[in-house]
Enquirer: 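First, the structure itself, so that you have it in front of you.
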Amino acid sequence: PPPPPPPPHPTVDSLHPSPPPSINTTSQSSAASDVYKRQKQMLAEVHRSFTSKELQDVLDQAKALEEVQKADDPPEAVAAIPSLTLDDLDRDEPEFPIQIEDNAFGSGVTLIKHSVPASSGIAYFDLGFDMSRIPFDDVPLVPFVERMLVETGTTDMTDVELDRLIGMHTGGIDVERVVEPIIPDGSVDKTASAQTKLRTMLFIQGKCLSDKTDAMFDIMLKILASANFDSPQKAKQMLREAISDMESDISSDGDDFALRRIRSKYSSLGFLGELWSGTKHLTVLKDLLKIAKEDWPAVRSRLERMREAIIGPSLDGVVLNFSGDRNVLEEAKDEISRFLTQQLPRLHKDVPASNEATGRLPNFMEVDHPWVAPLLSAMGQVSSDAEHEAIVASTKVSYIGEGGRLFDVNEQISGSFSVVSRYLSTGYLWDTVRVLNGAYGANSYFYTTEGILIFMSYRDPNGIATTLAAYDGVE
């Protein structure tokens, strides 16, 4: 299906001062009112202490400062700044040794080896599984599953015991997702991607001394096969912590949330970002906590279904990234062969595939990812809900963003536009929104694979109209 049409005008997101609806606002409003009254009284006392001449001096100084801020830097000052020319740039891209082995050791797994000059005897591994078999209704829970895999222990170990085991044999094990558009082979010029061909992977990552490789592989498999998903108290504690952290982050990092919200209206990857780490995810967490309190077996069933979908019925789509120096690569060769041919296949005996997780994976370079259709449907609903939005947060400053699609899907994007976007950040937006209007920061964000441009202010003391007027001044 074609991407949903963009909103008729650029999207505006603003996080502005006001208490969030999820907390008791009566006492907070009263406290804020008291602070405002004290500040007003203090300013009135300072004002009365000035003579008419002193007040005029303050106004004159402010006017003089504004004129200095508006003035261009003198040519001699600009010339004194060190600069680079095109001749100073290396036109040859650096090459990093990489070996890709499809069906490594006959296992069906793709093995990718990266040789680095020196790794001090440390081996780095990323074991990746394709997430495309996860039903779209469960996709919003992916970040929660990532935490459950490594923070709840296993069926025969507590979370503390698992942490000790990881610390004893490795330098740390974590879980991370990678979602990106698939670029066709041979593509050179950048174009705005339709983002219907996607790669969605979940990696369990770890590092260890090369002689501890077997132990780390054992721990990875233990986490994947038997992470304790039947831990309701731990799960509810994690959900409450995540909700609290996000509510706090909205106030302190409002620009990130506004960026995600705007991008979600134009990009399927942007919508996933909003679903997994934006204001939409906060709603997901609150709804999930409510269900966990009322019907934990239903939550546990969804988590187990997601584990089964991630592991899948076979090693089809599994990737093992391995990085280390030449000695490490050689020393770990036998352990990797044993892991891929003997240990990893046992994972499917421990975790039988669900009905949804059967069959081989399609080639996502040729067919649309199964999440795309429901993603576009959800994006269309968001785009039609409101042209402009405001996210209410408990903060004394605003984070004001405006953005939209500049390049249509499949339209070629020149690399020079990234330079223009960077220049706007360090030039016009810095001078206008930060220096003259007093925001703590202002940036231009250009998403090169999507053709989307967003202007964003950071800790902005101004009203929406003032900052939007500054954005409109870009010619």
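Computed from a predicted structure; not experimentally measured. Heavy atoms only: backbone and side chains are in, while hydrogens, waters and symmetry mates are out. Throughout, numbering of the chain's residues begins at 1 and tracks the sequence.
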Enquirer: Kindly say whether I134 contributes a backbone atom to a donor-acceptor pair with the side chain of W371 at under 3.5 angstrom?
Expert: yes

Enquirer: Ignoring hydrogens and angles, tell me if any N or O in the side chain of S457 forms a donor-acceptor pair with the backbone of D460 under 3.5 Å.
Expert: no

Enquirer: Whether R305 and E308 form a salt bridge (side-chain N of Lys/Arg under 4.0 Å from carboxylate O of Asp/Glu) is what I want to check.
Expert: no

Enquirer: If you define the side chain from C-beta out and look only at heavy atoms, does anything of F203 sit under 4.5 Å from V175?
Expert: no

Enquirer: Going from CZ on R405 to CD1 on I454, what distance comes out if it is rounded to the nearest 0.5 angstrom?
Expert: 11.0 Å

Enquirer: In the structure I gave you, are the side-chain heavy atoms of Y471 and V433 within less than 4.5 Å of one another anywhere?
Expert: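 The answer is yes; the side chains approach within 4.5 Å.
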
Enquirer: Suppose we call two aromatic rings close when their centres sit under 6.0 Å apart. Are Y458 and Y399 close by that rule?
Expert: yes

Enquirer: Just so I know, are the side chains of F322 and D126 near enough to count as touching, which here means a heavy-atom distance under 4.5 Å?
Expert: no

Enquirer: So, does S251 use its side chain to make a donor-acceptor pair with the main chain of S394 at under 3.5 Å?
Expert: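 Flag set: sc S251 to bb S394 pair under 3.5 Å.
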
Enquirer: Would you tell me whether Q195 and S267 have side-chain atoms, one donor and one acceptor, within less than 3.5 Å of each other?
Expert: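 Distance-only check passes for Q195 and S267.
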
Enquirer: Does the pair E389/R261 count as a salt bridge with the N-to-O cut at 4.0 Å?
Expert: yes

Enquirer: Under 3.5 Å, is there a donor-acceptor pair linking the side chains of T196 and D368?
Expert: yes

Enquirer: Counting N and O atoms only, with roles assigned by atom type, does the side chain of T152 sit under 3.5 Å from a partner on the main chain of N228, one being a donor and the other an acceptor?
Expert: yes

Enquirer: Filter on ring-ring contact (aromatic ring centres under 6.0 Å, His included), then keep only pairs touching residues 215-234, sequence neighbours left out; what's left?
Expert: F125-F217, F217-F339

Enquirer: Can you tell me which residue pairs pass the side-chain hydrogen bond (donor to acceptor under 3.5 Å, both in side chains) test with a partner in residues 422-440, sequence neighbours excluded?
Expert: none

Enquirer: Would you confirm whether S414, through its side chain, and F417, through its main-chain N or O, come within 3.5 Å as a donor-acceptor pair?
Expert: no

Enquirer: Go through the structure and list residues passing side chain to side chain donor-acceptor pair (under 3.5 Å) with E411, not counting sequence neighbours.
Expert: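 Side chain to side chain donor-acceptor pair (under 3.5 Å) check on E411 returns nothing, list empty.
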
Enquirer: Measure from NZ or CZ of R199 to the centre of the six-membered ring of F364, then state whether that distance is under 6.0 Å and the direction lies within 45° of the axis.
Expert: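 R199 over F364 ring: no.
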
Enquirer: R177: which residues meet the side chain to side chain donor-acceptor pair (under 3.5 Å) condition with it, sequence neighbours left out?
Expert: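 In terms of side chain to side chain donor-acceptor pair (under 3.5 Å), with neighbours along the sequence ignored, R177 is linked to E146.
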
Enquirer: Distance-only, no hydrogens or angles: does the T170 side chain make a donor-acceptor pair with backbone N or O of I166 under 3.5 Å?
Expert: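 Checked: pair present.
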
Enquirer: Checking S132 against D130: is there a side-chain donor and acceptor pair closer than 3.5 Å?
Expert: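 Short answer, yes.
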
Enquirer: Mind checking the CD-CG spacing from E161 to D156? Nearest 0.5 Å is all I need.
Expert: 8.5 Å

Enquirer: How about S277 and R260: does a side-chain donor come under 3.5 Å of a side-chain acceptor?
Expert: yes

Enquirer: Under 6.0 Å from the CZ atom of R164, do we count more than 12 heavy atoms belonging to anything else shown?
Expert: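 No, the 6.0 Å shell around CZ holds no more than 12 heavy atoms from other groups.
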
Enquirer: So, E450 and S193: side-chain donor and acceptor under 3.5 Å apart, yes or no?
Expert: no

Enquirer: Which residues pass the side chain to side chain donor-acceptor pair (under 3.5 Å) test with S323, not counting sequence neighbours?
Expert: none

Enquirer: Calculate, to the nearest 0.5 Å, the distance between atoms CG and OH belonging to L453 and Y445 respectively.
Expert: 11.5 Å

Enquirer: Just by distance, do the side chain of N103 and the backbone of S107 share a donor-acceptor pair under 3.5 Å?
Expert: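 Side chain of N103 to backbone of S107: a pair is present.
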
Enquirer: Among side-chain atoms of T213 and E335, is any donor-acceptor pair under 3.5 angstrom?
Expert: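 E335 and T213 do not have a side-chain donor-acceptor pair below 3.5 Å.
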
Enquirer: Would you check if the side chain of S226 reaches a backbone N or O of K222 as a donor-acceptor pair within less than 3.5 Å?
Expert: yes

Enquirer: Report yes or no: do T191 and N410 form a side-chain donor-acceptor pair below 3.5 Å?
Expert: no

Enquirer: For F144 and M238, what are the C-alpha separation, side-chain angles and deciding distance, and is it a side-chain contact (heavy atoms from CB on, under 4.5 Å)?
Expert: CA-CA 9 Å; F144 184 59; M238 290 164 54; 4.1 Å; yes

Enquirer: Looking only at side-chain N and O atoms, does Q237 offer a donor or acceptor that is under 3.5 Å from a partner on E241?
Expert: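 Side chains of E241 and Q237: pair found under 3.5 Å.
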
Enquirer: Could you please spell out the steps behind the salt bridge (Lys or Arg N to Asp or Glu O under 4.0 Å) verdict for E294 and K290?
Expert: CA-CA 6 Å; E294 298 173 354; K290 184 175 185 296; 3.1 Å; yes

Enquirer: Could you work out, with side chain to side chain donor-acceptor pair (under 3.5 Å) as the rule, every residue matching R459, not counting sequence neighbours?
Expert: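 Side chain to side chain donor-acceptor pair (under 3.5 Å) list for R459, sorted by chain: empty.
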
